[in-house]
> 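Okay, here's the structure, questions in a sec.
Note that the structure is predicted; figures quoted are calculated from it, not measured. Within every chain, numbering begins at 1; the chains are lettered A, B, ... in the order of the sequence lines, protein sequences first and strands thereafter.
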Amino acid sequence: MTAILQIIFDALSLGSLYAIGALGIALIFGVMRLVNFAHGDYISFCVFAMLWPSIDAAAVVFAGNLPTFILIPLILAIGAGLSVLSEILVFRRFRNANPATMMIASFALGFVLKHFLLMLFSSRPKSIDLWSNLSLPVEVAGARIPLLQVITIVITILILLGLTAFLKRTRFGLEMRAAAENFTMARMLGVKANRVIMLAFAISGMLAAAIGLILATQSGTADIQMGVSVMLVAFIATVIGGLGSLPGAVIAGFLIGGVSVLMQVILPLDARPFRDAFVYGAVIACLIWRPQGLFAPKSAKQRV
Amino acid sequence: MTILSVDGITVRYGRLTALRQASLKVDEGETLFITGPNGAGKSTLLKAIAGVVPVAEGAITLDGKVISGGSPEDTARLGFSMVPEGRHVFGSLTIEENLMLGAGMRKDRARAGDDLAAVYEVFPMLKERRDKPAGVLSGGQQQMLVIGRALMTGPRLIAIDEPSLGLAPKVIDQVYETLLELRDKRGLTLVIVEQSSTRAMMTGGRMLLLRSGEIVLEGDARSLARGDTLKKAYFGYGEH
Ligand SMILES: Nc1ncnc2c1ncn2[C@@H]1O[C@H](COP(=O)(O)OP(=O)(O)OP(=O)(O)O)[C@@H](O)[C@H]1O
Ligand SMILES: [Mg+2]
């Protein structure tokens with residue numbers, strides 16, 4: 001029983017990261033039809049923003065030493081700022097370009113960010129100590145669960161509730177949902193394109209920052225590659241969820257997290273090193289079964 | 001008084017010229033029908049005014065302000081409300097959300113509430129279903145919704161692209177009745193793209209015929225539709 005509980009918490013906390021990542025990608029795709037491959041590098045950037053540039057193995061913590069109630073908003077703001085800046089400087093010029101061109105621009109931006117970090121910090125992962133007492137276990141119904149897992153899940157639930165309230169209850173949220181369904185029509189009704197897009201980028205950047213904070217706390221390291229691996233799975237989750245569908249992205253994120261953890265448990269020992277092959281096999285099967293994704297939005301096809 | 005003036009605009013899609021040196025003026029409070037065969041450039045003309053497609057040459061002014069080169073949202077904010085071909089309701093938004101979206105740019109939120117009540121009065125069917133997703137509406141109901149939504153922006157001019165497309169004759173009658181009532185009550189200016197000249201004849205107003213991207217005929221809707229000048233111009237007899 002406690003083992004099962006442990007598996008459930010593992011699955012939920014891993015799924016949380018994928019879900020938040022997928023949400024960040026789906027939000028941008030919704031309003032701009034852009035798959036932003038730089039999203040993973042936003043995650044790494046936010047983690048490294050807590051450090052002072054150096055190529056030593058031990059991180060020189062800088063902003064990371066700030067008290068929590070300042071550090072968290074600061075990192076979220078850095079994520080939002082970086083994301084909005086990339087919209088203004090890069091993606092705005094490609095707004096009417098075809099999706100492939102935009103995607104390549106996002107790859108290029110990702111490379112620029114990655115190499116910028118490489119230049120300042122070198123490629124060696126650094127150890128970083130954020131809220132390390134969170135890795136202590138707590139007792140949940142007899143099972144010993146790391147506190148950080150519980151917090152990750154709670155934060156994710158709060159993010160999902162907050163975002164839902166924002167989208168459903170506010171004027172900006174209404175405009176964003178309309179823009180995601182049919183941008184041109186929304187503009188013809190006076191919805192300001194720049195405002196909606198910048199808002200989507202800001203939220204997406206904050207989600208990336210949240211992942212960065214959780215990952216850095218979890219792993220105790222700052223690694224330039226750390227965002228990219230989450231981003232890859234998150235991207236797959238947005239496709240499985242049906243590109244542009246926000247609930248789809250979230251559910252698919254949790255689904256992949258769940259399948260990964262489950263495979264880790266049920267696969268025979270010899271096969272475990274190839275777990276990811278099985279996970280991606282399941283992904284392929286899922287896409288063959290439903291190529292449009294699990295929850296394809298009706299709108300994705302047509303615009304005025 | 002002229003509210004909208006289009007001066008020699010040319011619109012190209014790649015190498016195809018969809019609109020060539022088109023000029024027209026619309027007076028405040030009038031009804032202008034734009035007709036012409038498929039592919040003539042009627043929708044393109046409205047889209048160019050709305051700022052959805054860029055103009056290669058010429059200028060468009062609304063109320064004395066140049067709007068060509070601007071964005072759709074700016075044009076909408078100046079009082080031009082467009083109901084595009086194919087209606088484009090936001091199917092995942094509720095009916096009321098569809099309507100309220102139009103009211104976003106209004107500074108006077110209180111007026112928007114009054115307008116919502118007014119739209120519901122004109123279309124009681126929308127009020128009954130206000131919390132339903134707009135995607136469930138029938139074609140005719142969707143047409144009502146997009147007209148209502150266009151009204152919510154507090155426009156001075158409404159342009160509608162083929163309002164009768166795919167609707168039963170009875171429903172078309174209803175749509176036109178509403179439009180004309182709104183025109184008379186609110187002093188709205190109407191620009192209507194319509195393939196059939198019979199509607200223009202029944203309604204009256206001015207009519208303009210587009211063919212192959214050029215405005216080839218212009219005049220009073222009733223007198224044009226009565227004679228066979230229109231038919232000739234429509235199909236391009238006796239020219240080549
Ligand atoms: N987005 C586009 N890209 C390329 N060509 C286009 C585009 N939109 C329209 N066209 C072309 O421009 C010309 C004019 O099209 P438009 O839609 O304005 O005609 P229309 O008069 O509205 O026709 P219909 O009565 O069928 O609605 C047509 O030849 C059409 O094929
Ligand atoms: Mg048309």
Side-chain angles (χ1 to χ4, degrees), chain A residues 26-27 29-32 92-93 95-98 164-200 241-249 292-293 295-304, chain B residues 43-44 46-47 49-54 67 70-94 96-107 109 112 131 133-136 142 145-146 148-155 158-161:
Chain A
L27 266 173
F29 183 86
V31 294
M32 244 185 129
R92 187 165 292 188
R93 339 253 149 211
R95 211 173 274 176
N96 296 318
N98 69 39
T164 308
F166 169 79
L167 287 171
K168 291 274 182 203
R169 299 259 177 271
T170 68
R171 175 81 217 164
F172 287 133
L174 175 62
E175 292 189 354
M176 216 161 188
R177 280 184 293 142
E181 189 169 332
N182 187 333
F183 211 134
T184 312
M185 190 63 238
R187 295 182 75 185
M188 286 195 278
L189 291 166
V191 171
K192 289 184 176 159
N194 285 345
R195 193 171 70 182
V196 169
I197 289 178
M198 272 165 47
L199 200 63
L243 264 173
S245 159
L246 300 184
Q292 74 279 35
F295 309 88
K298 274 173 262 150
S299 56
K301 41 181 181 19
Q302 54 167 21
R303 322 185 93 194
V304 178
Chain B
S43 300
T44 301
L46 290 198
K47 284 183 193 169
I49 300 169
V52 176
V53 298
I67 56 168
S71 64
E73 52 266 42
D74 291 341
T75 303
R77 279 158 194 269
L78 284 170
F80 177 90
S81 201
M82 164 95 151
V83 179
E85 201 170 11
R87 303 193 265 268
H88 300 285
V89 302
F90 296 98
S92 66
L93 272 52
T94 66
E96 186 147 311
E97 283 174 337
N98 266 273
L99 292 171
M100 286 314 288
L101 194 68
M105 58 200 200
R106 313 274 307 262
K107 294 199 184 67
R109 288 287 157 84
D131 291 325
V136 306
Q142 289 192 7
L145 175 59
V146 290
R149 191 176 64 186
L151 286 171
M152 290 297 291
T153 64
I158 294 190
I160 307 191
D161 200 346

> Going from CG on A/L189 to NE2 on B/H88, what distance comes out if it is rounded to the nearest 0.5 angstrom?
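If we round to the nearest 0.5 Å, A/L189:CG and B/H88:NE2 are 11.5 Å apart.
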> A/M185 and B/R87: which non-hydrogen atoms are nearest, and at how many Å?
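Smallest heavy-atom distance, with atoms named: SD-O, 4.4 Å.
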> Using non-hydrogen atoms only, which part of B/T153 is less than 4.5 Å away from chain A: side chain, backbone, both, or neither?
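The answer is the side chain of B/T153.
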> Can you say whether B/S43 sits under 4.5 Å from chain A via the side chain, the backbone, both, or neither, judging by heavy atoms?
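It is neither, since no heavy atom gets under 4.5 Å.
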> By the salt bridge (Lys or Arg N to Asp or Glu O under 4.0 Å) test, which pairs, at least two apart or in different chains, include something from residues 182-200 of chain A?
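For residues 182-200 of chain A: A/E175-A/R195, A/R187-B/E73.
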> Show the nearest heavy-atom pair for residues B/L93 and A/A178, with the distance to one decimal.
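Where B/L93 meets A/A178 most closely, the heavy atoms are CD2-CB, 4.0 Å.
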> Using non-hydrogen atoms only, which part of B/V53 is less than 4.5 Å away from chain A: side chain, backbone, both, or neither?
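Answer is neither: B/V53 stays 4.5 Å or more from chain A.
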> If every non-hydrogen atom of A/R171 is compared with every non-hydrogen atom of B/M100, which pair is closest and at what distance?
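So the minimum-distance heavy-atom pair works out to NH1-O, 2.9 Å.
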> Identify the two heavy atoms, one from B/A76 and one from A/G190, that lie closest to each other, and give their separation to 0.1 Å.
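Distance-wise, the nearest heavy atoms are CB-N, 3.8 Å.
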> Under 4.5 Å between any side-chain heavy atoms of B/F90 and A/L174, yes or no?
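No. Closest side-chain heavy atoms not under 4.5 Å.
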> Are any side-chain N or O atoms of A/E181 and backbone N or O atoms of B/S92, one a donor and one an acceptor, separated by less than 3.5 Å?
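At least one qualifying donor-acceptor pair exists.
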> Is it the case that atom CG in A/N98 sees more than 12 heavy atoms from other parts of the structure closer than 6.0 Å?
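Atom CG in A/N98 is crowded, with more than 12 foreign heavy atoms closer than 6.0 Å.
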> Suppose we screen for salt bridge (charged side-chain N to carboxylate O under 4.0 Å, His left out). Which residues come up paired with A/R95, at least two apart in sequence or across chains?
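Only A/E87 meet the salt bridge (charged side-chain N to carboxylate O under 4.0 Å, His left out) criterion with A/R95.
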